[in-house]
Amino acid sequence: MTLHLYDTYTRSLRAFEPLKPPEVGLYTCGPTVYDYAHIGNLRTYIFADVLKRALTLHGYRVKHVMNITDVGHLLSDGDLGEDRMEMAARMRGESAWDLAERYTQAFMADLERLNVVEPTVWARATDHIEEQIDMVKCIEEKGFTYRTDDGIYFDTSKLDDYGYLGRLDLAGLQAGARVRLGEKRNPTDFALWKFSPEGQQRQMEWDSPWGTGFPGWHIECSAMSAKYLGPYFDIHCGGEDHINVHHSNEIAQTQACYGTRLANFWLHAYFLQVDSGRMGKSVGNFIRLQQLIDRGYDPLAYRYLCLGAHYRSHLTFSWDALDGAVTALDRLRETVYGWGTPGEVDESWFDQFVAQVDDDLNMPRALAVVWDLTRSDLSDADKKATVLRYDEVLGLKLGEWRPAEVPAEVLDLVRRRDDARAARQWAEADELRDEIMEAGYEVRDTPDGAVVRKL
RNA sequence: GGCGACGUAGCCAAGUGGUAAGGCAGGGCUCUGCAAAAGCCUUAUUCGUCGGUUCGAGUCCGACCGUCGCCUCCA
């Protein structure tokens with residue numbers, strides 16, 4: 001069976017073949033750590049995680065690089081050199097370095113809570129200033145740059161197919177009302193290196209052949225991916241918003257320097273939406289994973305919710321939808337737990353699952369296979385073994401779930417209720433059941449006696 | 001202004017031109033002292049609207065309506 005993935009570059013579903021089997025180079029655009037990640041951001045990383053797990057399931061050895069943008073992410077091309085990090089630091093009265101560290105740690109903690117497998121390499125932009133300067137030099141030597149008052153820019157008009165990834169209509173952009181040219185020669189030109197503002201000491205700045213300053217936002221991904229994965233690697237992924245600008249610029253830089261289109265496959269995750277609009281910090285509608293946890297939700301319920309929609313379609317977030325995911329995941333976990341000791345993986349059922357994963361990571365369909373499996377004729381032991389294999393891709397920790405410990409006081413109430421029921425003292429039994437409920441537990445009567453469960 | 005996406009049951013959503021996956025919620029039944037939970041069954045003659053192509057369209061084409069995204073930082 002072959003994994004098929006939708007490649008944005010060619011706008012087609014392609015059979016995946018590693019460039020250098022069995023290794024797969026995977027690069028994921030990570031966060032700009034000037035604020036907490038919201039659950040919309042996290043959807044993209046859950047997608048990348050499923051992709052990585054699917055590749056691993058196919059026996060590939062995945063080398064996964066994720067960047068941490070801790071410098072250079074400009075507010076806009078028209079500003080005077082303040083980037084997002086410095087701005088946030090100023091507003092919070094904290095150093096840009098401390099701020100970056102704090103949000104980086106918070107981000108990593110979020111990923112762990114979502115059971116996202118850690119990248120092979122975490123690449124901080126500020127740890128790779130040399131590599132970025134070298135790459136800008138390379139691009140300069142090839143004649144793709146020009147200098148303005150505030151920085152070194154990439155001349156996108158020197159590439160024949162600039163913007164191919166996003167199928168950009170350059171003439172249309174020129175005519176567009178929203179593009180400000182400033183000192184740039186072309187609307188799509190972008191900074192490779194920005195100078196520190198005149199007479200101003202930035203918290204984050206470095207010397208370079210062109211003057212003191214800091215790298216542009218796009219160069220880090222080209223430089224760091226080349227360092228760890230080479231100038232042409234297997235898969236580059238990120239959010240859909242990166243198609244037109246960030247990834248187009250990454251490709252331009254790498255093309256200029258190395259003559260490759262950076263990655264063989266370009267995969268893009270679509271946005272999480274709220275009330276049919278995007279979740280965004282500027283919109284003021286963003287929800288952090290911590291808020292879900294504070295409300296009592298298991299982060300993996302959010303992961304389940306994400307698995308219920310295809311990564312190339314917008315997912316509408318709602319608390320009702322999350323509640324549904326909670327119920328579904330809980331039922332699945334309890335069911336899997338109830339299957340006991342794993343037996344043998346069933347090949348046919350396993351293949352059905354993989355077939356959906358291979359179809360451009362159709363996880364909604366894959367989940368449907370899971371539910372079908374629960375109702376199948378397979379033995380419980382074999383169901384368990386099979387679903388645990390599924391979970392290597394799903395990442396829902398289905399095999400780790402255990403019923404919560406029940407406190408002795410509650411167990412005592414249950415015992416007393418059992419006695420009351422045996423004596424057919426229904427009123428007293430119901431009273432005790434109410435007490436058990438108040439303690440946060442529910443009791444259900446099975447043929448084998450009463451079973452208690454935390455609510 | 002340019003480019004693009006989407007509109008499927010109460011909700012979240014799959015869907016390769018061949019007769020609407022799955023989950024949640026709802027309804028019924030079984031079980032139960034009553035419940036709860038669970039299990040089983042059930043829930044869209046229909047896929048924004050109107051045309052067209054076709055033996056056949058949610059799927060292709062066109063128009064229209066609606067929603068959204070990117071083009072300025074954003075996963």
Tell me, please, which residues at least two apart from [X] pass salt bridge (charged side-chain N to carboxylate O under 4.0 Å, His left out).
{"X": "E118(A)", "answer": "none"}
{"X": "D360(A)", "answer": "R312(A)"}
{"X": "R433(A)", "answer": "D430(A)"}

- Task: Could you tell me whether W426(A) contacts a base, only the sugar-phosphate backbone, or nothing, with contacts defined as non-hydrogen atoms closer than 4.0 Å?
- Result: base
- Message: Any base atoms under 4.0 Å from V245(A), or only sugar-phosphate, or nothing? Heavy atoms, all strands.
- Response: sugar-phosphate
- Looking at L398(A), T335(A), L378(A), V336(A), which one forms a side-chain contact (heavy atoms from CB on, under 4.5 Å) with K384(A)?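 Single side-chain contact (heavy atoms from CB on, under 4.5 Å) partner of K384(A) among L398(A), T335(A), L378(A), V336(A): V336(A).
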Take the angle between the ring planes of [X] and [Y] and call it parallel below 30°, perpendicular above 60°, tilted in between.
{"X": "F154(A)", "Y": "F190(A)", "value": "parallel"}
{"X": "F353(A)", "Y": "Y390(A)", "value": "parallel"}
{"X": "H247(A)", "Y": "H236(A)", "value": "perpendicular"}

Please give the distance between the [atom1] atoms of [N] and [M] as a whole number of Å.
{"N": "rG27(B)", "M": "rG62(B)", "atom1": "C1'", "result": "42 Å"}
{"N": "rA35(B)", "M": "rG28(B)", "atom1": "P", "result": "12 Å"}
{"N": "rC60(B)", "M": "rU16(B)", "atom1": "C1'", "result": "13 Å"}
{"N": "rG2(B)", "M": "rC55(B)", "atom1": "P", "result": "38 Å"}
{"N": "rC64(B)", "M": "rG26(B)", "atom1": "C1'", "result": "36 Å"}
{"N": "rG69(B)", "M": "rA37(B)", "atom1": "P", "result": "39 Å"}
{"N": "rC29(B)", "M": "rG15(B)", "atom1": "P", "result": "36 Å"}
{"N": "rA21(B)", "M": "rG1(B)", "atom1": "C1'", "result": "42 Å"}

Rounded to whole Å, how long is the line connecting atom [atom1] of [X] with atom [atom2] of [N]?
{"X": "Q425(A)", "N": "rG33(B)", "atom1": "CD", "atom2": "P", "result": "16 Å"}
{"X": "H242(A)", "N": "rA5(B)", "atom1": "NE2", "atom2": "C1'", "result": "18 Å"}
{"X": "M363(A)", "N": "rG23(B)", "atom1": "CE", "atom2": "C1'", "result": "14 Å"}
{"X": "L367(A)", "N": "rA21(B)", "atom1": "CG", "atom2": "P", "result": "17 Å"}
{"X": "F271(A)", "N": "rC73(B)", "atom1": "CZ", "atom2": "C1'", "result": "11 Å"}
{"X": "I39(A)", "N": "rA75(B)", "atom1": "CD1", "atom2": "P", "result": "15 Å"}
{"X": "M437(A)", "N": "rA35(B)", "atom1": "CE", "atom2": "P", "result": "14 Å"}
{"X": "D372(A)", "N": "rG22(B)", "atom1": "CG", "atom2": "C1'", "result": "7 Å"}

- Quick one: side-chain hydrogen bond (donor to acceptor under 3.5 Å, both in side chains) partners of R365(A), sequence neighbours excluded?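 Partners of R365(A) under the side-chain hydrogen bond (donor to acceptor under 3.5 Å, both in side chains) test: none.
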- Return no unless some side-chain N or O of R433(A) is found under 4.0 Å from OP1 or OP2 of rU32(B).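 R433(A) to rU32(B) OP1/OP2: no side-chain N or O under 4.0 Å.
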Look at the side chain of [X] and decide which nucleotide, out of [options], has an atom nearest to it.
{"X": "A368(A)", "options": "rG22(B), rA75(B), rG69(B)", "value": "rG22(B)"}
{"X": "A321(A)", "options": "rA36(B), rC12(B), rC68(B)", "value": "rC12(B)"}
{"X": "Y304(A)", "options": "rC34(B), rG69(B), rG23(B)", "value": "rG23(B)"}
{"X": "T327(A)", "options": "rA25(B), rC12(B), rA75(B)", "value": "rA25(B)"}
{"X": "R417(A)", "options": "rA75(B), rG23(B), rA35(B)", "value": "rA35(B)"}
{"X": "D445(A)", "options": "rA75(B), rC40(B), rA35(B)", "value": "rA35(B)"}

- Message: Heavy atoms within less than 4.0 Å of RNA chain B: which residues of residues 1-14 of chain A have one? Give them sorted by number.
- Response: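 Residues of residues 1-14 of chain A that come under 4.0 Å of RNA chain B do not exist, since none gets that close.
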- Contacts to RNA chain B from residues 110-122 of chain A, heavy-atom cutoff under 4.0 Å, which residues?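 When residues 110-122 of chain A is checked for heavy atoms under 4.0 Å from RNA chain B, there are no hits whatsoever.
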- Query: Is there a donor-acceptor pair closer than 3.5 Å between any side-chain N or O of E428(A) and the backbone N or O of Q425(A)?
  - Reply: no
Do the ring centers of [X] and [Y] come within less than 6.0 Å of each other?
{"X": "H242(A)", "Y": "H268(A)", "result": "no"}
{"X": "F47(A)", "Y": "Y270(A)", "result": "no"}
{"X": "F16(A)", "Y": "F265(A)", "result": "yes"}

- Message: Applying ring pair (Phe, Tyr, Trp, His ring centres under 6.0 Å), can you list everything that pairs with H310(A), at least two apart in sequence or on another chain?
- Response: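 Ring pair (Phe, Tyr, Trp, His ring centres under 6.0 Å) list for H310(A), sorted by chain: empty.
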Does the [N] base have a donor-acceptor partner in the side chain of [X] within less than 3.5 Å?
{"X": "D323(A)", "N": "rA25(B)", "result": "no"}
{"X": "D241(A)", "N": "rC71(B)", "result": "no"}
{"X": "N244(A)", "N": "rG4(B)", "result": "no"}

- Output every pair passing salt bridge (charged side-chain N to carboxylate O under 4.0 Å, His left out) with a member in residues 94-108 of chain A, not counting sequence neighbours, ordered by first then second residue. E94(A)-R102(A), E101(A)-R124(A)
Polar atom pairs between nucleotides 14-16 of chain B and protein, under 3.5 Å, N or O only, would you list them?
{"unit_1": "rA14(B)", "atom_1": "OP1", "unit_2": "H310(A)", "atom_2": "N", "d": "2.7"}
{"unit_1": "rA14(B)", "atom_1": "OP1", "unit_2": "S313(A)", "atom_2": "OG", "d": "2.5"}
{"unit_1": "rA14(B)", "atom_1": "O3'", "unit_2": "N362(A)", "atom_2": "ND2", "d": "3.4"}
{"unit_1": "rA14(B)", "atom_1": "O2'", "unit_2": "R365(A)", "atom_2": "NE", "d": "3.0"}
{"unit_1": "rG15(B)", "atom_1": "OP1", "unit_2": "N362(A)", "atom_2": "ND2", "d": "3.3"}

- Residues which pass side chain to side chain contact (heavy atoms under 4.5 Å, CB included) with Y164(A), listed by chain and number, not counting sequence neighbours: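 So Y164(A) forms a side chain to side chain contact (heavy atoms under 4.5 Å, CB included) with Y9(A), D161(A), R167(A).
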- Duplex segments of RNA chain B, taken as runs of at least three Watson-Crick or G-U pairs that stay under 3.5 Å: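 Result, WC/G-U stems under 3.5 Å: B:1-7 with B:65-71, B:10-12 with B:22-24, B:26-30 with B:38-42, B:48-52 with B:60-64.
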- Message: Between A328(A) and R167(A), which residue's closest nucleotide on RNA chain B lies nearer the 5′ terminus?
- Response: R167(A)
Let me have the donor-acceptor pairs involving side chains of residues 299-309 of chain A, under 3.5 Å, with sequence neighbours excluded, atom names and distances please.
{"unit_1": "Y302(A)", "atom_1": "OH", "unit_2": "I39(A)", "atom_2": "O", "d": "2.5"}
{"unit_1": "R303(A)", "atom_1": "NE", "unit_2": "L394(A)", "atom_2": "O", "d": "2.7"}
{"unit_1": "R303(A)", "atom_1": "NE", "unit_2": "G395(A)", "atom_2": "O", "d": "3.2"}
{"unit_1": "R303(A)", "atom_1": "NH1", "unit_2": "D49(A)", "atom_2": "OD2", "d": "2.9"}
{"unit_1": "R303(A)", "atom_1": "NH1", "unit_2": "L114(A)", "atom_2": "O", "d": "3.0"}
{"unit_1": "R303(A)", "atom_1": "NH1", "unit_2": "N115(A)", "atom_2": "O", "d": "3.4"}
{"unit_1": "R303(A)", "atom_1": "NH2", "unit_2": "D49(A)", "atom_2": "OD2", "d": "2.8"}
{"unit_1": "R303(A)", "atom_1": "NH2", "unit_2": "L394(A)", "atom_2": "O", "d": "3.0"}
{"unit_1": "Y304(A)", "atom_1": "OH", "unit_2": "W371(A)", "atom_2": "NE1", "d": "3.0"}

